[in-house]
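We use all heavy atoms of the structure for the numbers below, so side chains are in, but hydrogens, waters and symmetry mates are not. Both ligands and their constituent atoms are indexed starting at 1 by order of listing.
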Amino acid sequence: MDGVFKGFVDHHTHAVSYGIKKTRVDLSKTRSTSEALSLVRKEVEGSGKKIVIAEDWDETLWEEREFPKKEELDNISREKPIIMRRICGHIAVGNTPAMDMIPDGYMVDKEMGIMYEDVVLYLNEIFKPDYSEIKEAILMMQEDFLSLGIVGINDICIPEYHRAYTELDRQGKILIKVKTFITDVHMDEINSLENTGHVELAGIKIFTDGSIGARTAAVKEFKYVDTDGNGILLKHREYIKEMIQFAEEKGFVLAIHAIGDRAIGEVLAGFREYGDFNQPHRIEHFELATDDQIKEAVRMGIILSMQPNFIKNWSLSGGLYEDAFGEKYKKNNRVGLILRSGGHIVFGSDGMPYSPVYGINSVVSAPFEEQRIEMQQAIELYTDVESENTEVIIENDLVMETLIDGKIVFRRDDA
Ligand SMILES: [Zn+2]
């Protein structure tokens, strides 16, 4: 891309989580256990953090080719919890104080100090970062996002993140427009959240299935070719109907995660049975929709919040979609078909990676006609009302400057 554009809005982010990760020790470039451990020791001794989490070690890149050991972390500190999360995000190693903090019921090997799956996936909720760390994370995120030309986000949050955003906004530190979506497990706190000039509680995030990578996306016509399962349906139409009712009464938007056609079908059934609605409710991802489901979603006016970058990441021959669904994989992320059917799409990245330019290039050069759209259309789907009075200058796919209300909020050093 080259030229001057409106600022982008990323409609599906986990921006605070991204920022939190940035505040932590990065082990991705370490080449030995001792190198990794010395970075962790420096953080434990040098930072005021009550819990030290280090991210992205990969033992296959280390001389020793072994997981770090609980004893090695205990040697650094027996008081302060230390956690080292593996690059895959599904395994972590902790010292004794860290293991002691994990509630019962999680998959852990206390003896070895190894944590598996849920406890690692929800690390931020079990080992909660300090409120000050959350605020620091938001500011770090904002700087990076402005450098990508992003002036607005729809961020999936827990209530504490929303509060941190509004506090920073009252101090005049929030430049981008933030719409938050609170996950439904935190519904009880939703009435206590306030809006500020740049920060708005937009709605509620609901999960109805898992992911294709884990083969937990709930599918029917899209059959997994490498497993007998058909994914996991987490919510049924009755729940969707209840939530539509609640959201309509309170003026909230629902953002409903549904990837597989079985999950999408269940969500559509919820809307069909509920009847007319007024809020701009959305289905997140909508990756594996059948022809009929596309028609029905379009007819009911449901907004489809899709990730164009997924096409470049996984839709090429030999990629994740083909591995999972064989020949049928070509029917993934049919952005072009949906638009030509009159559908309403908004684009977001889901952080894979954060970069509107990457997503726009991905969908413009998509391998299948039903996925592909024109550059101008793709740019529009990556903008929104928050893009008004903003400007991004791009050269060779690189954002050189971002302006909000005529003020330069990012300028590349060599620009
Ligand atoms: Zn997401």
Would you be so kind as to tabulate the donor-acceptor pairs closer than 3.5 Å made by side chains of residues 132-142, with sequence neighbours excluded?
{"unit_1": "Lys135", "atom_1": "NZ", "unit_2": "Glu167", "atom_2": "OE2", "d": "2.9"}
{"unit_1": "Gln142", "atom_1": "OE1", "unit_2": "Leu175", "atom_2": "N", "d": "2.7"}
{"unit_1": "Gln142", "atom_1": "OE1", "unit_2": "Ile176", "atom_2": "N", "d": "3.3"}
{"unit_1": "Gln142", "atom_1": "NE2", "unit_2": "Lys173", "atom_2": "O", "d": "2.9"}

Test Phe145 against every option in Tyr18, Phe410, Phe8 by the ring pair (Phe, Tyr, Trp, His ring centres under 6.0 Å) rule and name the one that passes. Tyr18
Just by distance, with hydrogens left out, do Tyr358 and Asp397 show a side-chain donor and acceptor under 3.5 Å apart? no
Pairs under 3.5 angstrom only: tabulate donor-acceptor contacts from the side chains of residues 267-278 to other protein residues two or more places apart or in another chain.
{"unit_1": "Arg272", "atom_1": "NE", "unit_2": "Glu296", "atom_2": "OE2", "d": "2.7"}
{"unit_1": "Arg272", "atom_1": "NH2", "unit_2": "Glu296", "atom_2": "OE1", "d": "3.1"}
{"unit_1": "Glu273", "atom_1": "OE1", "unit_2": "Lys241", "atom_2": "NZ", "d": "3.0"}
{"unit_1": "Glu273", "atom_1": "OE2", "unit_2": "Arg237", "atom_2": "NH1", "d": "3.1"}

Answer with yes or no whether the side chains of Gln307 and Asn333 bring together a donor and an acceptor at under 3.5 Å. no
Residues 341-351, side-chain donor-acceptor partners within the protein, below 3.5 Å, at least two apart:
{"unit_1": "Ser341", "atom_1": "OG", "unit_2": "Leu337", "atom_2": "O", "d": "2.6"}
{"unit_1": "Ser349", "atom_1": "OG", "unit_2": "Asp10", "atom_2": "OD2", "d": "2.6"}
{"unit_1": "Ser349", "atom_1": "OG", "unit_2": "Gly351", "atom_2": "N", "d": "2.9"}
{"unit_1": "Asp350", "atom_1": "OD1", "unit_2": "His12", "atom_2": "NE2", "d": "3.1"}
{"unit_1": "Asp350", "atom_1": "OD1", "unit_2": "His14", "atom_2": "NE2", "d": "2.9"}

Leaving waters out, which protein N, O or S atoms fall under 2.8 Å from the Zn ion (ligand 1)? His12 NE2, His14 NE2, Asp350 OD1
